[in-house]
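A short write-up of the structure that comes next.
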Amino acid sequence: MISKDKECKLIEIYFYVSEKFEKELKFYSERFSNNSKPEFSDEEVMTVYLYIMHHEQQFKIKHIHRFASEYLRSWFPRLPSYQAFNNRLNRLHTAFSKLTETLLSEFQPEDCCLDQSLLDSMPIITCSGKRTGKVAKELTDKGFNSTKGFYYYGLKLHALGFRRIGKLPHPEQILFTPASVNDLSLYKEAWSKINNRVFYGDKIYNDKDFFINMKNEVDSEMLTPVKGVKGMSDALKKFNKAADDLFSTAVSRVRQPIEALFNWLIEKADIQRASKVRSTKGLLVHIFGRLATAYIHLIF
């Protein structure tokens with residue numbers, strides 16, 4: 001049994017997922033076999049996953065299934081075995097991706113600064129760099145996390161978020177690349193053509209010539225902490241130090257919430273650790289299912 005308050009949240013999640021399934025999600029999980037309408041529906045699979053992960057903070061599929069079997073059996077009497085439940089989840093990775101996209105666009109806060117964006121990346125780790133990655137090789141590779149100074153196999157989550165003064169930024173777009181992809185390269189390819197925008201990034205996004213051209217072409221600019229120039233004399237460094245430090249501090253304060261957003265995602269959905277994933281579809285469910293889990297609170 002669960003409390004009345006949690007029962008209400010379970011019902012809300014189920015009705016929201018069912019509504020979205022009828023409108024669009026069903027096209028991302030179509031079945032062409034004789035078992036096109038299973039007794040335990042795809043809507044129920046997603047609801048169980050989202051509810052237990054969000055409200056009960058159970059992050060392993062085995063624990064999610066066990067909780068559902070012990071406490072939600074009256075709500076979901078047709079709950080299948082753990083193996084079947086896991087297989088059904090893996091079929092729904094594109095539906096979770098679309099659900100996340102819908103949540104972020106449908107519930108965009110009104111206090112977003114639409115002309116200012118914060119951007120950064122975080123690792124999604126499938127195994128440590130001391131081992132050889134064997135999961136989802138078509139999506140992952142070996143990369144280096146400069147913030148914490150370690151090598152790892154996996155993906156990199158790149159977030160572009162609208163600035164919200166005094167609050168966590170709201171993601172405008174979230175992209176995934178293999179771990180080795182450089183943040184600046186991804187920005188140039190995906191976001192550098194956005195018009196009339198001020199971007200706040202860390203030092204890795206520093207490319208003076210590129211951003212001068214971007215300012216001229218699309219009237220957007222990138223602000224980053226000041227990066228030291230090789231070969232600059234000590235006298236010139238000292239001359240510029242006070243102004244550079246003030247500017248760097250100001251930019252860092254503005255972009256700090258994007259780092260807090262990543263910490264929030266880790267706390268709410270444990271998205272960074274993917275070492276238990278054993279397949280490409282499982283990795284995609286891990287990524288998009290946990291993003292949906294973190295942002296499912298928006299429907300309340």
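The structure presented is a predicted model; accordingly, all values stated were derived computationally and were not measured.
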Quiz item: Going by atom types only, do R73 and S69 share a side-chain donor-acceptor pair under 3.5 Å?
Solution: yes

Practice problem: Using distance alone, with no hydrogens and no angle criterion, decide if Q272 and Y152 have a side-chain donor and acceptor under 3.5 Å apart. | Solution: no

Exercise. Report the C-alpha separation of E19 and K23 in whole Å, then their side-chain angles, then the decisive distance to 0.1 Å, and conclude whether the salt bridge (Lys or Arg N to Asp or Glu O under 4.0 Å) test is met.
Key: CA-CA 6 Å; E19 177 188 351; K23 289 183 178 179; 3.2 Å; yes

Considering only NZ, NE, NH1 and NH2 on the basic side and carboxylate oxygens on the acidic side, decide whether [X] and [Y] come within less than 4.0 Å.
| X | Y | answer |
| --- | --- | --- |
| K20 | E24 | no |
| K9 | E12 | no |
| R91 | D42 | no |

Would you compute the distance between atom [atom1] of [X] and atom [atom2] of [Y] and round it to the nearest 0.5 angstrom?
| X | Y | atom1 | atom2 | result |
| --- | --- | --- | --- | --- |
| I296 | L50 | CD1 | CG | 5.0 Å |
| E172 | W191 | CD | CH2 | 9.0 Å |
| L118 | R164 | CG | CZ | 11.5 Å |
| K193 | N195 | NZ | CG | 10.0 Å |
| T293 | M53 | OG1 | CE | 5.0 Å |

Quiz item: Just wondering, are more than 12 heavy atoms of other shown residues or ligands nearer than 6.0 Å to CD in E22?
Solution: no

Self-check item: Candidates F176, Y28, F96 - the one meeting ring-ring contact (aromatic ring centres under 6.0 Å, His included) with F288
Solution: F176

Quiz item: Between H65 and F40, is the ring centre distance below 6.0 Å?
Solution: no

Quiz item: Under 6.0 Å between the ring centres of F67 and W75?
Solution: no

Quiz prompt | Hphob cluster co-occupancy, I204 + M122, side-chain heavy atoms under 4.5 angstrom | solution = no

Quiz item: L298, Y14: one ILVMFWY side-chain cluster at the under-4.5 Å cut-off?
Solution: no

Any donor-acceptor N/O pair, [X] side chain to [Y] backbone, under 3.5 Å:
| X | Y | answer |
| --- | --- | --- |
| S220 | N196 | yes |
| R255 | D120 | no |
| T140 | V135 | yes |

Exercise. Evaluate the criterion ring pair (Phe, Tyr, Trp, His ring centres under 6.0 Å) for residue pair F211 and F199; output intermediate values, then yes/no.
Key: CA-CA 11 Å; F211 291 118; F199 298 97; 8.2 Å; no

Quiz item: Y51 vs H55 aromatic rings, parallel, tilted or perpendicular, using cut-offs 30° and 60°?
Solution: tilted

Quiz item: Relative to each other, are the rings of F144 and Y151 parallel, tilted or perpendicular (30° and 60° limits)?
Solution: tilted

Quiz item: Can you name the nearest heavy-atom pair linking M46 to L92, along with the distance?
Solution: CG-CD1, 3.7 Å

